[in-house]
Amino acid sequence: MNMVTPTAPHVYLEDIAKYDGQDILLKGWLYNKRSSGKIRFVMLRDGTGLIQCVGSINDIGEEGFAAVDSLSQESSLMVVGTVKAEPRAPGGFELILKQVIPVHVAMGEFPISPKEHGTAFLMDNRHLWLRSKRQVAIMRIRHAIVKAIRDFFDGRGFTLFDPPIFTNAACEGTSTLFETDYFGETAYLSQSGQLYGECGAMALGKIYTFGPTFRAEKSKTRRHLTEFWMIEPEVAYMDMWGAAELAEDMCCFIVQRVLETRMEELKVIERDPAILEKIQKPFPRISYDDAIKVLKNAGHDIEWGGDIGGDEETTISNLNDRPTILYHFPADLKAFYMKRDAGNPKLALGFDVLAPEGKGEVIGGGQREDDYDVLVSRIKEHGLNVEDFEWFLDLRKYGSVPHAGYGLGLERTVAWLCGLPHVRETIPFPRMISRLKP
RNA sequence: UCCGGAGUAGCUCAGCGGUAGAGCGGGUGGCUGUUAACCACUAGGUCGGGGGUUCGAAUCCCUCCUCCGGAGCCA
């Protein structure tokens, strides 16, 4: 590989506008090329942008032409040239080549050509698919969302609190856990950091977790991954409505940040920013009771007590052009740790945030049961082992307080904001029931 | 796990009882402004695996595998 470094300054394409008229060095990969007898066009990408480099025989000579001709799609190269504003160019600039330095000639043809491909093929080549313009844009938006979430909580005095990934017991259901051998005993991969987050809230007042989560659900839908990232704030002395408002503020903060910093990327993936600009407080709130009425009127076959499935979620989330907060579910549908409504014990103090455009649930949360005796009986009712939760019950023995929190699915949020129909493009290497490679 | 759909060239697909096809990508040649460039030529196949029906199967039947979409479950 040729690593001779020319003297012109190395510039990333995202900064190209500052160098109009100057000689610069670009380091990247060949995206595409076109040629004519006495001129060469090289499309170069460097991870931050794409630019057309123009090589004329007078500028780079036979040697330069030979260098260009030796390079195939996704070969790596460095080029030196003069930045020139060019209204016809998609990015507004071209590079007039002076020197072409091949770094590595791709060994054979790159599997992903500029033409159409099926998703199965693209997923098999996910490690290379990530180089495409669209995937790069999605990853950058994902990063902006991650950064926004951290900034949101950090700005409100929350402490990042990392829960363990190896755990000894279930906190949702037992059928969806991945088992691993842990020095002879069974350990499960965490399917939620919430129980640990509650410990953090009692120690630090307000915390958020941010980490991977594992669910062995045999789900084959556009909304499920077996490994996904979840953010779970937990706050002492907060009730359900406080948590719902926190979720609402957070959503608005994230959307605003994406609009401020990732407009170019939204353009690349053809996401209409006007849809995101409508994501403003307040989000409409609808109780489970009222939702059932609405669903019945809309023709759904559902009775009180029934679970709100994918189709029903779609109907409700399509009622508004901003997220909908659905609350007061039947307690029987919810996890053992969820507190019940004092006025109606059949209802749980839980809420979901349903993203608009039929994107469905992106947040689930609520107020936690804080009474020792009630929580013990709930654990038993759910067929769980009380000994496994002794440490969790201790939170209700030593200075128990009302507290609440929620979980935000990162990939579903990325899919929503990017307008993607499927979560598989929202994470670099999605893990699904039929996908462990690459 | 259940219900649908699909596996044919590197990719996207057509062919649906009678000699294996196209576009794109690759290779070679041509062209001084192309931009999913264009033009000409060219290479490229165990038609997902196995079994069966038939003079003859990519095509019809059985079976298995893989993938896709949906349901359940959930973020």
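- Checking B:rA75, B:rG33, B:rC74 against the side-chain heavy atoms of A:Asp307 singles out B:rC74 as nearest.
- Residue A:Lys38 places its side chain closer to B:rU32 than to any other of B:rG72, B:rU32, B:rA36.
- Taking atom P on both B:rC13 and B:rA6, the two are 12 Å apart, rounded to the nearest angstrom.
- Within 3.5 Å, no donor on the side chain of A:Gln73 pairs with an acceptor on the base of B:rG26, nor the reverse.
- Between the CZ atom of A:Arg424 and the P atom of B:rA75 there is a distance of 22 Å, given to the nearest Å.
- Considering only side-chain atoms of A:Phe121, the nucleotide from B:rU12, B:rA36, B:rG33 that sits closest is B:rU12.
- Taking the nucleotide of RNA chain B with the nearest heavy atom to each of A:Thr119 and A:Glu411, the more 5' of the two is matched to A:Thr119.
- Within the nucleic acid shown, A:Leu225 comes within 4.0 Å of at least one base atom, counting heavy atoms only.
- The same atom, P, is picked in B:rG45 and in B:rG21; the two are 13 Å apart, to the nearest Å.
- For A:Arg271 and A:Glu265, the salt-bridge test fails: no basic side-chain N is under 4.0 Å from an acidic carboxylate O.
- Closest contact between the side chain of A:Glu217 and the listed nucleotides B:rU32, B:rA36, B:rC73 involves B:rC73.
- The side chain of A:Ala120 lies closest to B:rC67 when the candidates are B:rA75, B:rG33, B:rC67.
- One interatomic measurement links the two molecules: CZ of A:Arg34 to C1' of B:rC39, which rounds to 17 Å at whole-angstrom precision.
- When both pairing distances are held under 3.5 Å, B:rG4 makes a Watson-Crick or G-U pair with B:rC68.
- A donor-acceptor pair shorter than 3.5 Å can be found between the side chains of A:Gln52 and A:Glu94.
- At B:rG72, none of the side-chain N or O atoms of A:Arg223 fall inside 4.0 Å of OP1 or OP2 (strictly under the cut-off).
- Heavy atoms of A:Asp69 sit nowhere under 4.0 angstrom from any nucleic acid atom.
- The CG-P distance, from A:Asp352 to B:rC74, rounds to 10 Å in whole Å.
- Pairing partner, B:rC55: B:rG18, with both Watson-Crick or wobble hydrogen-bond distances short of 3.5 Å.
- Distances from the side chain of A:Glu109 to the nucleotides B:rG10, B:rA75, B:rG69 place B:rG10 closest.
- Note on A:Arg222: a side-chain N or O is less than 4.0 Å away from OP1 or OP2 of B:rG70.
- Judged by distance alone with a 3.5 Å cut-off, a donor-acceptor contact links the side chain of A:His224 to the base of B:rC74.
- Remark: A:His422 is in phosphate contact with B:rG69, judged by side-chain N or O atoms under 4.0 Å from OP1 or OP2.
- To the nearest whole angstrom, the two C1' atoms, one in B:rU32 and one in B:rA22, are 33 Å apart.
- A donor-acceptor contact closer than 3.5 angstrom links the side chains of A:Glu425 and A:Gln135.
- Looking at the side chain of A:Lys220, the nearest of the listed nucleotides B:rA71, B:rC74, B:rU32 is B:rA71.
- Side-chain atoms of A:Tyr337 and A:Glu198 include no donor-acceptor pair closer than 3.5 Å.
- Computed from coordinates, the A:Met432 CE to B:rU66 P distance equals 16 Å when rounded to whole Å.
- To the nearest whole angstrom, the two P atoms, one in B:rC47 and one in B:rA20, are 11 Å apart.
- Comparing the C1' positions of B:rG51 and B:rU42 gives a spacing of 39 Å, expressed to the nearest Å.
- Counting any heavy atom pair closer than 4.0 Å across all strands shown, A:Thr221 reaches a base atom.
- With RNA chain B read from its 5' end, the first of the two nearest nucleotides for A:Ile433 and A:Glu86 is the one closest to A:Ile433.
- Residue A:Gln52 has its side chain nearest to B:rU34 when only B:rA75, B:rU34, B:rC31 are considered.
- For the residue pair A:Asp154 and A:Tyr208, a side-chain donor N or O sits within less than 3.5 Å of a side-chain acceptor on the partner.
- For A:Asp249 and A:Arg156, the salt-bridge test passes: some basic side-chain N is under 4.0 Å from an acidic carboxylate O.
- Remark: P of B:rA6 and NE2 of A:His117 are 23 Å apart, rounded to the nearest angstrom.
- Under the Watson-Crick or G-U wobble criterion, with both distances below 3.5 Å, B:rU42 is paired with B:rG26.
- A:His403 and A:Gln367 are not linked by any side-chain donor-acceptor pair at a separation below 3.5 angstrom, with hydrogens and angles left out of the test.
- B:rG17 and B:rG52 are spaced 16 Å apart, taking the C1' atom of each and rounding to whole Å.
- Side chain to side chain, A:Glu232 and A:Ser192 meet the donor-acceptor criterion of an N or O pair below 3.5 Å.
- Among the heavy atoms of the strands lying under 4.0 Å from A:Glu94 is at least one base atom, whether or not backbone atoms are also near.
- Between A:Phe41 and B:rG33, no base-stacking contact is recorded for ring centres under 5.5 Å apart and planes less than 30° from parallel.
- Under the 3.5 Å distance criterion, with hydrogens and angles disregarded, no donor-acceptor pair is assigned to the side chains of A:Asp46 and A:Trp29.
- Within the 4.0 Å cut-off from OP1 or OP2 of B:rC68, at least one side-chain nitrogen or oxygen of A:Ser434 is found.
- We find that NZ of A:Lys33 is positioned 7 Å from P of B:rG27, with the value rounded to whole Å.
- Within the nucleic acid shown, A:Thr413 has no heavy atom closer than 4.0 Å to any nucleic acid atom.
- Separating the P atom of B:rG25 from that of B:rC39 is a span of 10 Å, rounded to the nearest Å.
- A:Leu122 has its CG atom 20 Å from the P atom of B:rC24, to the nearest Å.
- Separating the CD atom of A:Glu312 from the C1' atom of B:rG70 is a distance of 14 Å, rounded to the nearest angstrom.
- Remark: the separation of the C1' atoms in B:rU12 and B:rA36 is 14 Å, to the nearest Å.
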